[in-house]
Amino acid sequence: MEKLMFHPHGKEFHQNPFSVLGRFREEDPIHRFELKRFGGTYPAWLITRYDDCMAFLKDNRITRDVKNVMSQEQIKMLNVSEDIDFVSDHMLAKDTPDHTRLRSLVHQAFTPRTIENLRGSIEQITEQLLDEMEKENKADIMKSFASPLPFIVISELMGIPKEDRAQFQIWTNAIVDTSESNRELTNQALREFKDYIAKLIHDRRIQPRDDLISKLVHADENGSKLSEKELYSMLFLLVVAGLETTVNLLGSGTLALLQHKEEFEKLKQHPEMIATAVEELLRYTSPVVMMANRWAIEDFTYKGHSIKRGDMIFIGIGSANRDPNFFENPETLNLNRSPNRHISFGFGIHFCLGAPLARLEGHIAFNALLKRFPDIELAAAPNDIQWRKNVFLRGLECLPVSLSK
């Protein structure tokens with residue numbers, strides 16, 4: 001039998017990560033492989049069973065901060081230019097006490113009340129997008145709905161002027177592209193993003209507004225404030241974690257509903273079940289299919305496996321969310337599933353701060369879409385569905401649908 005070897009950039013993983021991860025979950029759940037990246041090779045581990053994923057997410061011997069395991073010279077070898085190294089200065093890339101300080105400051109600007117106050121705006125944006133879709137018999141859900149909705153919401157939340165949003169979207173599209181072939185374009189987008197954000201930060205220091213950038217700039221915790229670099233990093237995190245994951249939830253979630261007609265009809269007839277429906281769509285589609293940027297900070301043994309300091313850890317979220325030892329009939333979409341302890345938003349201190357916003361957008365968007373277009377159908381063969389080339393995020397390139405019979 002051929003030895004299993006994980007290839008994160010392989011075609012098979014790109015097309016169907018759940019199948020690939022499922023094989024490892026069954027045959028080699030704590031899998032050691034060599035990660036080839038940026039011209040180097042790095043020892044890494046792929047973790048695929050729910051209990052093991054949870055154990056690694058909670059383990060203090062695992063760090064999110066690369067500076068805890070690599071020297072400055074080693075970090076430079078990763079080819080991260082100093083002018084864009086802010087991408088790893090946000091709270092998800094930090095451990096306590098740095099993480100605690102950053103999360104406390106960000107929470108001041110990202111309170112539950114702030115999110116709930118967006119409800120009316122999200123409903124209005126949703127209806128406007130559906131109005132535009134209604135003018136045609138066919139649409140691309142990704143282009144017409146799943147992508148613009150979270151983008152407009154996050155732009156309004158951050159305070160990005162309408163006249164700048166087209167360029168801002170070009171940057172965000174390039175930033176979330178993790179393919180090495182487009183690496184220089186991504187880096188250039190990060191530089192331009194940083195320069196643009198620097199101007200907004202400067203303006204908000206002088207003249208605060210009722211937007212997230214102003215709140216982050218002026219957030220204060222016992223005299224501690226976010227540094228300029230931390231501000232760049234937190235706003236970068238909002239774009240990647242707060243935008244793309246919601247885009248993927250709306251796109252992949254719509255596809256899942258269209259492919260499961262009984263569940264589709266159930267939600268259409270009972271919109272009040274939207275909360276459990278969104279949790280199941282988060283589990284089933286896993287918008288973040290894999291979490292990385294974790295390293296062992298010391299040598300240790302886990303279930304007979306010798307993990308060394310500096311080894312990278314890949315948490316297979318998409319696999320854990322379909323572990324039959326934890327979920328009953330995990331390959332089945334069940335919008336009534338309860339309890340549903342998926343880990344699509346992570347776990348512990350690094351649990352996604354933007355989860356309430358993603359959930360709120362999901363609740364509003366799915367119900368509105370099904371109410372407006374009760375006869376919506378997939379307008380593409382399953383084999384023609386194209387997925388974006390991203391190792392960590394699972395999202396569609398496009399989703400053609402017919403809106404009426």
Side-chain angles (χ1 to χ4, degrees), residues 57 90-92 103 106-107 109-126 129 141-142 145-158 160 169 172 175-176 212 234-257 267 271 273-291 315 317-318 320-321 333 335 337 340-370 388 390 392-396 399:
L57 286 171
H90 53 74
M91 63 189 181
L92 289 191
R103 194 175 184 99
V106 173
H107 186 68
F110 219 69
T111 64
R113 177 178 291 182
T114 299
I115 303 305
E116 183 55 35
N117 285 345
L118 290 170
R119 181 180 293 275
S121 177
I122 295 171
E123 290 173 342
Q124 183 180 22
I125 295 165
T126 298
L129 292 171
I141 286 292
M142 300 309 297
F145 192 63
S147 293
L149 175 57
F151 177 76
I152 296 170
V153 171
I154 205 75
S155 296
E156 292 196 354
L157 181 64
M158 289 173 64
I160 306 298
Q169 187 152 33
T172 59
I175 286 170
V176 298
L212 191 63
M234 284 308 310
L235 293 166
F236 161 80
L237 176 64
L238 275 174
V239 167
V240 175
L243 176 59
E244 280 303 304
T245 50
T246 309
V247 170
N248 295 345
L249 166 63
L250 299 182
S252 302
T254 300
L255 175 62
L257 290 171
L267 182 57
M273 62 183 281
I274 189 62
T276 59
V278 166
E279 295 310 306
E280 176 66 349
L281 291 170
L282 282 162
R283 181 199 71 84
Y284 187 81
T285 66
S286 291
V288 179
V289 76
M290 190 156 56
M291 290 182 180
I315 308 293
I317 297 296
N321 281 341
L333 183 72
L335 300 185
R337 190 182 296 274
N340 190 345
R341 297 199 297 277
H342 65 78
I343 50 175
S344 293
F345 290 124
F347 183 82
I349 65 169
H350 291 111
F351 183 82
C352 178
L353 191 70
L357 178 57
R359 284 175 166 136
L360 179 60
E361 289 182 64
H363 294 174
I364 293 169
F366 287 121
N367 270 349
L369 180 68
L370 270 58
R388 298 184 70 179
N390 191 304
F392 309 109
L393 303 174
R394 175 74 167 163
L396 289 160
L399 183 60

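Please read all numbers here as calculations on a predicted model, not as lab measurements.
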Compare every heavy atom of [Y] with every heavy atom of [X], then report the nearest pair and how far apart it is.
X: M291; Y: F345; result: CE-C, 4.2 Å
X: L281; Y: A256; result: CD2-CB, 4.0 Å
X: L249; Y: F366; result: O-CZ, 3.5 Å
X: P148; Y: M142; result: CD-O, 3.5 Å
X: I115; Y: L360; result: O-CD2, 3.5 Å
X: A146; Y: G251; result: CB-N, 3.7 Å

How long is the straight-line distance from [atom2] of [Y] back to [atom1] of [X], given to the nearest 0.5 Å?
X: S147; Y: L396; atom1: OG; atom2: CG; result: 9.5 Å
X: R394; Y: N248; atom1: CZ; atom2: CG; result: 9.5 Å
X: L118; Y: I125; atom1: CG; atom2: CD1; result: 8.5 Å
X: E279; Y: H363; atom1: CD; atom2: NE2; result: 6.0 Å
X: L250; Y: L255; atom1: CG; atom2: CG; result: 13.0 Å
X: T246; Y: I154; atom1: OG1; atom2: CD1; result: 7.5 Å

Does the pair L369 and L257 meet the rule for a side chain to side chain contact (heavy atoms under 4.5 Å, CB included), with working shown?
CA-CA 11 Å; L369 180 68; L257 290 171; over 6 Å; no
Non-hydrogen side-chain atoms of [X] and [Y] separated by less than 4.5 Å:
X: L370; Y: P271; value: no
X: L357; Y: L157; value: yes
X: L393; Y: R388; value: no
X: T276; Y: R337; value: no
X: L333; Y: E280; value: yes
X: L212; Y: T114; value: no
X: L267; Y: N367; value: yes
X: N340; Y: Y284; value: no

Test: E116 and R119 ion pair at under 4.0 Å
yes
Taking [X] for the side chain and [Y] for the main chain, is one N or O donor matched with an acceptor at less than 3.5 Å?
X: S344; Y: L282; result: yes
X: S286; Y: R283; result: yes
X: N321; Y: I343; result: yes

Only one of I160, I152, V153 passes side chain to side chain contact (heavy atoms under 4.5 Å, CB included) with E156; say which it is.
I152
